[in-house]
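These notes concern the structure reproduced below.
All chains are named by letter (A, B, ...) in the order of the sequence lines, taking the proteins before the strands, and each is independently numbered beginning at 1.
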Amino acid sequence: MRAAFKRAAFTGGFVCGAAAGAATCVAVMRVYVGERGAEEAVNPVHRDIGEYGLPLAGAETRYYANHILSYDQSRRTPRWVAEHLSQEKLHGTAQRKHCKFKPDPSIPVAFTAHNEDYLGSGWSRGHMAPAGDNKASEQSMAETFYLSNIVPQNYENNAGFWNRLEMYCRDLTKKFEDVWIVSGPLALPEVGSDGRKSMCYRLIGKDNVMVPTHLFKVVLARENPSSDTLAIGAFVVPNQPIGFDHPLTEYQVRLSELERMAGLSFFPGVRPEQSVRSLCEVDACRLMDVKEFTLYVAGRKVAGARTSARLEKVMTELRDAAVTPDDYLLKLYQEKKEQLALQERSDGKRE
DNA sequence: CGGCTCGCCACA
DNA sequence: TGTGGCGAGCCG
């Protein structure tokens with residue numbers, strides 16, 4: 001801590017060490033501001049080196065309405081994005097159709113990604129903190145569309161496996177009062193035919209945005225505030241299409257393993273004496289299967305249908321996929337059907 | 001839920 | 001006359 005303080009004094013900024021919590025950062029700031037004179041006590045050699053300041057990585061912790069992240073100015077992606085999920089935070093009326101992907105205004109222009117980097121690149125803009133976790137607030141949902149929270153992601157992976165993983169995380173709030181999640185991109189080395197390792201990842205757009213080879217997600221769950229038992233799961237998912245025949249547990253890794261891959265220490269505030277169980281031993285870690293997922297997506301489409309022709313198409317596609325609608329979907333369908341019939345009848349009169 | 005593409009229209 | 005913003009419509 002002493003060393004960190006001295007470095008902070010040199011740069012005039014303040015540093016959040018990987019092992020230091022937010023509270024500690026604030027404390028460092030206070031000490032620095034309160035003891036400006038302490039700079040005299042600094043090692044004179046270090047003072048000379050830092051006379052005109054030391055390089056800034058811009059990796060400081062950035063706070064938004066409902067997520068927190070560290071940005072990678074070199075790769076134009078986040079390093080990690082943290083959020084907290086609970087039952088209450090998940091229901092709301094904020095809609096993603098009112099949101100737009102845009103550069104994060106708090107990131108220097110030279111280091112930010114732009115929409116043009118992604119458009120036509122063959123890669124989709126994948127949220128790390130999902131929009132679906134932010135229905136409680138228009139503001140917080142809009143902020144998840146900043147490109148500081150986005151990485152180039154395979155379309156099918158984004159809409160499919162990763163989407164189901166995010167749904168699973170939201171579902172955990174039914175069983176656990178508090179769920180903490182850290183997500184981010186990875187560039188993992190490959191072993192060549194000669195046995196040598198190399199790092200190889202694609203870049204897209206004028207800004208050279210890194211296309212991660214993998215994505216990670218760490219999930220920490222607590223049943224209730226008084227329980228001292230925690231459950232934790234770490235997952236590394238290839239940035240490519242992943243079908244329904246692959247269970248989530250296939251991508252589970254030891255937390256320590258992920259920490260070495262990512263160069264990050266996760267949840268350093270968990271006390272050593274606390275008992276931490278494996279999430280997939282406490283819970284099934286089961287994602288939606290193909291029928292459940294198809295049914296869910298159909299439900300969203302039925303709810304969003306604007307014409308009865310579209311409504312019928314959704315239902316026909318469901319039947320063609322050999323998925324039997326459940327009571328919930330049938331009710332949704334009937335309500336929508338009546339609503340659209342009324343609407344289209346009045347539209348007809350107006351012509 | 002996760003995304004993209006296209007066309008309209010206000011605007012310079 | 002070209003362009004950006006935004007909503008409608010589409011797919012997995």
- [ ] Give me the first and last nucleotide of DNA chain B, going 5' to 3', that has any atom under 4.0 Å from a heavy atom of chain A.
- [x] B:dC1 to B:dC4

Open item on the list: Among residues 158-184 of chain A, which ones have heavy-atom contacts with DNA chain C below 4.0 Å?
Closed with: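 Those residues whose heavy atoms fall under 4.0 Å from DNA chain C, taken from residues 158-184 of chain A in numerical order, are A:A159, A:N163.
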
- [ ] May I have all residue pairs that pass disulfide bond (SG atoms under 2.5 Å apart) and include part of residues 176-261 of chain A, sequence neighbours excluded?
- [x] none

Task: Qualifying disulfide bond (SG atoms under 2.5 Å apart) pairs, either residue in residues 262-327 of chain A, two or more places apart - done: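 Every pair satisfying disulfide bond (SG atoms under 2.5 Å apart) with a residue in residues 262-327 of chain A: A:C280-A:C285.
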
Open item on the list: Quick one, A:K331 with A:E335, criterion salt bridge (charged side-chain N to carboxylate O under 4.0 Å, His left out). Give me CA distance, side-chain angles, the key distance, then yes/no.
Closed with: CA-CA 6 Å; A:K331 181 165 173 279; A:E335 285 171 0; 3.3 Å; yes

Task: Structure string for DNA chain C in dot-bracket form, Watson-Crick and G-U at under 3.5 Å, | interchain - done: .|||||||||||

Open item on the list: Checking side-chain contact (heavy atoms from CB on, under 4.5 Å) between A:Y201 and each of A:R75, A:E190, A:H214, which is the one that passes?
Closed with: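 Of A:R75, A:E190, A:H214, side-chain contact (heavy atoms from CB on, under 4.5 Å) with A:Y201 is met by A:R75 alone.
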
Between N or O atoms, less than 3.5 Å apart, protein on one side and nucleotides 5-8 of chain C on the other: list the pairs.
{"unit_1": "C:dC6", "atom_1": "OP2", "unit_2": "A:K100", "atom_2": "NZ", "d": "2.2"}
{"unit_1": "C:dA8", "atom_1": "OP1", "unit_2": "A:R306", "atom_2": "NH2", "d": "3.3"}

- [ ] Return the 5'-most residue of the pair A:L119, A:F293 with respect to DNA chain B, ranking by each residue's nearest nucleotide.
- [x]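 Its nearest nucleotide lies further toward 5', so the answer is A:F293.
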
Only pairs under 3.5 Å count here: list side-chain donor-acceptor contacts from residues 81-88 of chain A, not counting sequence neighbours, and write none if there are none.
{"unit_1": "A:H84", "atom_1": "ND1", "unit_2": "A:K89", "atom_2": "NZ", "d": "2.7"}
{"unit_1": "A:H84", "atom_1": "NE2", "unit_2": "A:D178", "atom_2": "OD1", "d": "2.8"}

TODO: Check ring pair (Phe, Tyr, Trp, His ring centres under 6.0 Å) between A:Y296 and all other residues, then give those that pass, not counting sequence neighbours.
DONE: none

- [ ] Please work out which residues in residues 307-325 of chain A have a non-hydrogen atom less than 4.0 Å from an atom of DNA chain B and list them by number.
- [x]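 By residue number: none to list.
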
Task: Partner set under side-chain hydrogen bond (donor to acceptor under 3.5 Å, both in side chains) for A:N158, not counting sequence neighbours - done: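 Only A:S124 meet the side-chain hydrogen bond (donor to acceptor under 3.5 Å, both in side chains) criterion with A:N158.
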
- [ ] May I ask you to list the residues sharing a hydrophobic cluster with A:V209, side-chain cutoff 4.5 Å, ordered by chain and number?
- [x] A:F101, A:Y118, A:W123, A:M141, A:F145, A:L147, A:I150, A:I204, A:V211

Task: Those residues that, when tested against A:Q274, pass side chain to side chain contact (heavy atoms under 4.5 Å, CB included) (two or more places apart) - done: A:D228, A:L230, A:V270, A:R271

